[in-house]
Amino acid sequence: GQQVMQIPQYQHVQEGEDFTTYCNSSTTLSNIQWYKQRPGGHPVFLIQLVKSGEVKKQKRLTFQFGEAKKNSSLHITATQTTDVGTYFCAGNSGNTGKLIFGQGTTLQVKP
Amino acid sequence: NAGVTQTPKFQVLKTGQSMTLQCAQDMNHEYMSWYRQDPGMGLRLIHYSVGAGITDQGEVPNGYNVSRSTTEDFPLRLLSAAPSQTSVYFCASSYQGMQPQHFGDGTRLSIL
């Protein structure tokens, strides 16, 4: 079945450093979504990528979708303490609507 | 709008007991799903529904049942609770399956 792998599992950075998390799917994806979950909270939608090679930016966050639509990345420039949380990628394969999540990357930012 | 409402927020069960976790959404979303979240495992899809009367299995369906008699409600039933089902359960909904998911606040379930 479809699998979505995400690395690293944990990342500790100093405030101001950059951060990247990577997502890889075993199958070609129709789209990929990214979510952020604060400690004790629920996942909150950040962005969706649909097109091969697509790049989208939200302030300090840059999201990329691979040319083969099997991988994606999230890059945060100059992290802040407000970036703390777990970042999940989630992929749709085909038209089933079945959304499979990666294991998530937990980001800790030291002030 | 309340969004996605899950009840209860916390529950402790004994092994072998049955229970229903409730999920309701008021956004007229067609797609609803249940996930469980365990440390280091991310969010794993239990069951999902693309509309009233239609349900399908996700990655980890064993030990759980669902039904979708209305667009608004998508309850998750634990038939005979086991300690391995101790987890945080999230319900989510979206307009369609390919659209962004709106999550509820979760139900924290402990099985002794």
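- Of the listed residues (P100(B), G58(B), G104(B), G42(B)), the greatest number of heavy-atom pairs within a distance under 4.5 Å of chain A belongs to P100(B).
- At a 4.5 Å heavy-atom cutoff, the contact between L45(B) and chain A is made by side-chain atoms alone.
- Residue Q57(B) touches chain A through its backbone alone, counting heavy-atom pairs closer than 4.5 Å.
- A donor-acceptor pair shorter than 3.5 Å can be found between the side chains of Q33(A) and Y35(A).
- Judged purely by distance below 3.5 Å, without hydrogens or angles, the side chains of T79(A) and E17(A) never pair a donor atom with an acceptor atom.
- Remark: the R77(B) side chain and the S67(B) side chain contain an N/O donor-acceptor pair separated by less than 3.5 Å.
- Contacts between F103(B) and chain A at a heavy-atom distance below 4.5 Å involve backbone atoms as well as side-chain atoms.
- For Q6(A), no part lies under 4.5 angstrom from a heavy atom of chain B.
- Listed options N92(A), L46(A), T86(A) were ranked by heavy-atom pairs under 4.5 angstrom with chain B; first place goes to N92(A).
- Between the side chain of H47(B) and the backbone N or O of Y64(B), at least one donor-acceptor pair lies under 3.5 Å.
- Contact annotation: the side chain of R36(B) never approaches that of V88(B) to less than 4.5 Å [non-hydrogen atoms, C-beta and beyond].
- Among the candidates Q96(B), E59(B), R44(B), the residue making the largest number of heavy-atom pairs closer than 4.5 Å to chain A is E59(B).
- Partner I76(A) forms a side-chain contact (heavy atoms from CB on, under 4.5 Å) with one of T21(A), V13(A), L107(A) and no other, that one being L107(A).
- Residue Y10(A) does not touch chain B at all, counting heavy-atom pairs closer than 4.5 Å.
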